[in-house]
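What follows is a short report on a single structure.
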Amino acid sequence: MFISKFGSAPKFYARAPGRVNLIGEHIDYCGYAVLPMAIEQDILIAVEPVKTEVVQLANTNPLYLDFSTSVNNIHVNKTKPVWHNYFLCGLKGVQEHFGLNSPTGMNCLLDGTIPPSSGLSSSSALVCCAGLVTLTANGKTLSKVEVAEICTKSERYIGTEGGGMDQSISFLAEEGTAKLIEFSPLRATDVRLPSGAAFVIANSCVEMNKAATSHYNIRVMECRLATKLLAKSKGLEWKTMLKLQDVQAKLGVSLKEMLTVVEEVFHPEPYSTEEICTCLGISLEELRTQILSQNTQDVTTFKLYQRSKHVYSEAARVLEFQKICSEAPASAIQLLGELMNQSHISCRDMYECSCPELDQLVDICLQFGAIGSRLTGAGWGGCTVSMVPSDKLSTFLTNVKEAYYKSNAQRLALEKNSLFATKPGGGALVFLEA
């Protein structure tokens, strides 16, 4: 297909995997560690560097239209998160990092096996793959950590205020192990998952594109406002603080103690913009220009108590999950399952990032033998991840297929790519032979 499209053969290929987050939802952008693993599904790009200063993009899926642009004037359109804009994010990030004056033109054909808008990080995998392609075509090298950090920053060109988990695991993943990913500085530690359990991904078939909806960015903003109000109430320098983790670090207390602080400082009722301004002693104009992002200017109420309670409790669950994996007690599977279940309840009730279909799917998975089940990814649609005893896996898959997919024609059509067991896969790489 590459040859019929571009009239010549590709010179190299790059792949970047999707990921499933086992625990630690919506806390990377608050500064807290997360615990994902790469999946086998990936984005694959075939590339031919060319002498012209043009990038031509094509996709093996006819639903995604061809696109071409000059490499010298990259403009990422924030209003429409179409597929090629994610490629341009990675391209622009690498170009700007090196200050490339005359970057190499490229012909690229893209293929992907990660279901889009499913919470398995198809968009970040595309940004990462594009970053890797741009590095290689321009003869540049960076460490995995450096390129992950560049791709995290550059995905923000499309308007998503992500925290870096997706890009980090795409580069730092290794086959056979999940990773505890910590930020500032970025680092990854192996987490050996217990033998005797399989992790199963089930897609709710409700699509959620986080760059296209404001839900995600409102949560980022609620956490930022909660940070500032907590810091001010404790007499800290709140103006420079952006992340809930900053408050904990400055106070030098445990996550458990932070949950007590949240109970003391916040009321459960939503905060109006007026009340936030009063608490911080700033004007509405200052709130809008100095704190709120472009796409959260019109939000009038913020749930600071619920969001911060989720973040601090979820951050503690991640550390507990890692501890259980490393100590490997006889009851490890049971204990990890309970943490996953608590995580889903917190995402559903405190962070409000679930949806009826995800809740139904979690219930079905638990009913048919999962020890733990939760939404994974941003939520509001997308996938669940369930931990299932290995000896029950085949009956589990049969029963979930029957209960969730067969009852609905649209889901049944998507079922082949929607329900599968997965193992920790390897990270992004470049290779020369297909």
Side-chain angles (χ1 to χ4, degrees), residues 5-6 14 16 29 43 45-112 116-117 121-140 142 146-164 166-167 170 209-214 216-217 220-221 288-289 292-298 378 428:
K5 195 87 192 163
F6 299 116
Y29 54 76
I43 297 280
I45 304 179
V47 189
E48 178 196 19
V50 290
K51 294 279 186 280
T52 59
E53 295 191 344
V54 174
V55 176
Q56 294 200 72
L57 304 177
N59 199 306
T60 56
N61 182 335
L63 293 175
Y64 299 111
L65 303 178
D66 292 4
F67 178 80
S68 69
T69 184
S70 157
V71 276
N72 286 318
N73 187 19
I74 301 296
H75 174 67
V76 181
N77 183 340
K78 274 190 185 183
T79 55
K80 285 203 210 75
V82 285
W83 77 277
H84 64 251
N85 279 327
Y86 290 97
F87 184 100
L88 297 181
C89 284
L91 175 66
K92 188 174 162 88
V94 169
Q95 279 187 9
E96 290 188 350
H97 177 80
F98 287 103
L100 297 175
N101 290 327
S102 50
T104 307
M106 298 180 279
N107 292 335
C108 301
L109 177 65
L110 185 135
D111 188 28
S117 300
S121 209
S122 54
S123 50
S124 296
L126 175 47
V127 174
C128 292
C129 208
L132 199 50
V133 159
T134 308
L135 275 176
T136 309
N138 286 279
K140 301 290 184 189
L142 285 171
E146 287 171 315
V147 68
E149 290 185 320
I150 288 170
C151 290
T152 298
K153 284 199 199 83
S154 67
E155 192 165 329
R156 294 180 189 143
Y157 294 135
I158 211 151
T160 307
E161 302 273 342
D166 304 343
Q167 301 82 359
S170 199
N209 184 323
K210 68 184 187 218
T213 67
S214 56
Y216 185 90
N217 289 327
V220 175
M221 224 25 71
R288 288 200 170 131
T289 54
L292 296 182
S293 60
Q294 202 46 53
N295 46 18
T296 54
Q297 296 284 318
D298 303 330

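The shortest side-chain heavy-atom distance between H75 and L88 does not fall under the 4.5 Å cut-off. Using a 4.5 Å cut-off on side-chain heavy atoms (C-beta onward), N85 and F67 make no contact. At a threshold of 4.5 Å between non-hydrogen side-chain atoms, the residues T69 and I74 count as touching. Between Q56 and C108, every side-chain heavy-atom pair lies at or beyond the 4.5 Å cut-off. Contact check for Y86 versus V76: no side-chain heavy atoms found under the 4.5 Å cut-off. M106 is listed as a side-chain neighbour of V133, based on a closest heavy-atom distance under 4.5 Å. Two residues are said to be in side-chain contact when any heavy atoms from C-beta on lie closer than 4.5 Å; E96 and Y157 meet this criterion. Annotation: side chain of S214 is not in contact with side chain of N295 (no heavy-atom distance under 4.5 Å).
The backbone N or O of Y64 sits nowhere less than 3.5 Å from a side-chain atom of N59 that would complete a donor-acceptor pair. Between the Q297 side chain and the R288 main chain, a donor and an acceptor come within less than 3.5 Å of each other. Proximity of a side-chain donor or acceptor of T134 to a complementary backbone N or O of A130 within less than 3.5 Å is detected.
Look at E149 and K153 and you find no salt bridge, because none of the NZ, NE, NH1 or NH2 atoms lies under 4.0 Å from a carboxylate O.
Of the candidates N138, T136, L142, N138 is the only one forming a side-chain contact (heavy atoms from CB on, under 4.5 Å) with K140.
The distance from atom SG of C129 to atom CD1 of I45, rounded to the nearest 0.5 Å, is 4.0 Å.
The aromatic rings of Y216 and Y29 lie perpendicular to each other, with more than 60° between the two planes, well past the 30° mark.
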